[in-house]
Amino acid sequence: MSVNEPFEPTPSSAAGKLYADDRYMVRNRHQIRHLLQSMIDQRSLINAHPDGRDQSFPSAVLEVDEHGLLLDASPQPSLNRATESAATLLCFGLVDKVTVRFQLQQPRRIERDGRIAFQVPLPDEVYHLQRREFYRLETPVGDSPYCLLPDPDGGEPSRWRVLDISAGGLALMLPAPQGLLSLQSRYHGCVLQIPDSPPITTAMVACNLRLQKQANSVEMTRVGLRFDDLPRGADTLIQRYIFRIDRLRKARANGE
């Protein structure tokens, strides 16, 4: 079975909401089946993460009906064993080049015509943007990514907390005046450090700079940076972080 090239997720929504994904959550079972069938029709690749861990495998939706779906297995036996023992599968894919993200419960291994697959119930909800824009997640102070910026004079890089992040870029708060970044300049060798993930080295472009007065009346410079030429797989790490933080916020809001 041939599938499209690995996707580049582009999550979207408005930042600042407790659980911004709710704007784009599809919960109607008919609509969910339609989205999954579109993935079959478009031969879309899925990245499946057993229990949401770093380890993942490329997969695809093989069949879907009103009861559930059939997911292609990994060619690696070790990953299939991990999937069998997993409580959930965190999945990322594309429909019409727009992000689809969902979690599957209790995958069950089956064999059909000598081929291994996983049978799972329909997901309760599917995140689907329905339009192409980036969802910027406001990061929690205690569980935030950090960004290392190269020193313009060749010294040690400086480390800054990421205020918000999306698959397209991030925002930082720097002292004012600052001499690290210039508007529309491209910076190589920036390093994004996401909690519980390997560091991501990428180029970034400074898209906007604006002065912002803090509560203590101190002026800072808020910088918006766009990722330029993210390495393969980096978008998935960013998606997983966004998904995890959103889930934690939703759980807290529901008193779980």
Side-chain angles (χ1 to χ4, degrees), residues 8-21 23-24 92 98-99 101 127 129 131-246 248-249:
E8 297 176 0
T10 53
S12 169
S13 185
K17 302 183 74 174
L18 180 63
Y19 186 58
D21 277 3
R23 294 182 59 191
Y24 304 110
F92 301 99
V98 177
T99 295
R101 185 177 75 194
Y127 171 89
L129 287 187
R131 54 179 177 151
R132 296 183 192 179
E133 57 181 43
F134 290 111
Y135 161 38
R136 303 193 72 86
L137 172 83
E138 186 174 345
T139 63
V141 174
D143 194 6
S144 174
Y146 280 80
C147 183
L148 300 181
L149 297 177
D151 185 89
D153 299 321
E156 289 295 316
S158 55
R159 187 171 185 261
W160 306 94
R161 190 179 81 82
V162 173
L163 302 179
D164 63 51
I165 189 169
S166 76
L170 53 82
L172 306 174
M173 193 73 77
L174 305 183
Q178 60 84 31
L180 284 174
L181 304 170
S182 301
L183 194 61
Q184 298 305 320
S185 295
R186 188 173 189 266
Y187 297 92
H188 296 272
C190 301
V191 179
L192 175 61
Q193 299 173 329
I194 298 176
D196 302 319
S197 295
I200 299 168
T201 301
T202 183
M204 292 198 290
V205 176
C207 297
N208 58 74
L209 303 170
R210 77 170 186 269
L211 289 176
Q212 188 168 308
K213 186 170 289 189
Q214 306 301 293
N216 59 3
S217 298
V218 174
E219 279 197 334
M220 302 285 284
T221 303
R222 186 181 177 94
V223 183
L225 292 155
R226 171 175 57 82
F227 297 131
D228 197 15
D229 194 25
L230 271 177
R232 189 182 183 91
D235 46 10
T236 301
L237 296 178
I238 295 169
Q239 279 270 41
R240 286 178 56 248
Y241 171 76
I242 290 172
F243 185 89
R244 180 172 65 82
I245 297 301
D246 271 347
L248 287 173
R249 286 177 175 171

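One-based numbering along the sequence shown.
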Practice item. State which residues pass side chain to side chain donor-acceptor pair (under 3.5 Å) with Glu219; sequence neighbours excluded, sorted by chain then number. Key: none
Review point. At their closest point, which heavy atom of Ile165 faces which heavy atom of Ile242, and how far apart are they?
Key: O-CD1, 4.1 Å
Check your understanding: Between the main-chain N or O of Leu163 and the side-chain N or O of Thr139, is there a donor-acceptor pair closer than 3.5 Å?
Key -> yes
Exercise for review: Measure the spacing between CG of Leu170 and SG of Cys190 and express it to the nearest 0.5 Å.
Suggested key: 8.5 Å
Under 3.5 Å, which donor-acceptor pairs link side chains of residues 146-155 to any protein atom two or more places apart or in another chain?
unit_1, atom_1, unit_2, atom_2, d
Asp151, OD2, Asp153, N, 2.8
Asp151, OD2, Gly154, N, 3.3
Asp151, OD2, Gly155, N, 3.2

Study note, to complete from the structure: Heavy-atom closest pair (Ser197 atom, Leu237 atom, distance to 0.1 Å) is OG-CD2, 4.1 Å
Exercise for review: May I ask you to check whether over 12 heavy atoms, not counting those of Gln214, lie within 6.0 Å of atom CD?
Suggested key: yes
Practice item. Determine, stepwise, if the pair Arg240 / Asp196 fulfils salt bridge (charged side-chain N to carboxylate O under 4.0 Å, His left out). Key: CA-CA 10 Å; Arg240 286 178 56 248; Asp196 302 319; over 6 Å; no
Practice item. Look up atom CG in Leu137 and atom CG in Asp246, then write down how far apart they are to the nearest 0.5 Å. Key: 5.5 Å
Check your understanding: So, for Leu225 and Ala206, which heavy atoms are closest and what is the spacing to 0.1 Å?
Key -> CD2-CA, 3.6 Å
Exercise for review: Identify the heavy atoms of Thr221 and Pro175 that sit nearest to each other, and give their distance.
Suggested key: OG1-O, 3.6 Å
Exercise for review: Going by the side-chain contact (heavy atoms from CB on, under 4.5 Å) test, name the single residue among Val205, Thr202, Leu181, Asp228 that passes it with Tyr187.
Suggested key: Leu181
Exercise for review: Determine yes or no for a side-chain-to-main-chain donor-acceptor pair under 3.5 angstrom, with Gln193 supplying the side chain and Val191 the backbone.
Suggested key: no
Point to revise | Ser144 side-chain N/O to Val162 backbone N/O, donor-acceptor pair under 3.5 Å | key: yes
Revision key, fill the gap. Those residues at least two apart in sequence (or on a different chain) that pass side chain to side chain donor-acceptor pair (under 3.5 Å) with Ser158 are Trp160
Practice item. Verify side chain to side chain contact (heavy atoms under 4.5 Å, CB included) between Phe227 and Asp235, making sure each step is shown before the conclusion. Key: CA-CA 10 Å; Phe227 297 131; Asp235 46 10; over 6 Å; no
**Study point:** Arg222 with Asp164: basic N within carboxylate O range, under 4.0 Å
**Key:** yes
Check your understanding: Looking at CG of Leu209 and CG of Leu174, how far apart are the two atoms once the value is rounded to the nearest 0.5 Å?
Key -> 8.5 Å
Check your understanding: Is there a side-chain contact between Arg186 and Asp229 (heavy atoms, below 4.5 Å)?
Key -> yes
**Study point:** Any Val141 side-chain heavy atom under 4.5 Å of Arg161 side chain
**Key:** yes
Practice item. Quick one: closest heavy-atom pair of Tyr241 and Pro145, and the distance? Key: OH-CD, 3.1 Å
Exercise for review: Mind checking the CZ-CZ spacing from Phe92 to Phe243? Nearest 0.5 Å is all I need.
Suggested key: 6.5 Å
Check your understanding: Got a second to check how far Gln239's CD is from Arg244's CZ, nearest 0.5 Å?
Key -> 14.0 Å
Review point. Do Ser166 side-chain atoms and Gly169 backbone N/O form a donor-acceptor pair below 3.5 Å?
Key: yes
Practice item. Find out whether Thr201 and Pro231 are in side-chain contact, i.e. whether some heavy atom of one side chain is under 4.5 Å from a heavy atom of the other. Key: no
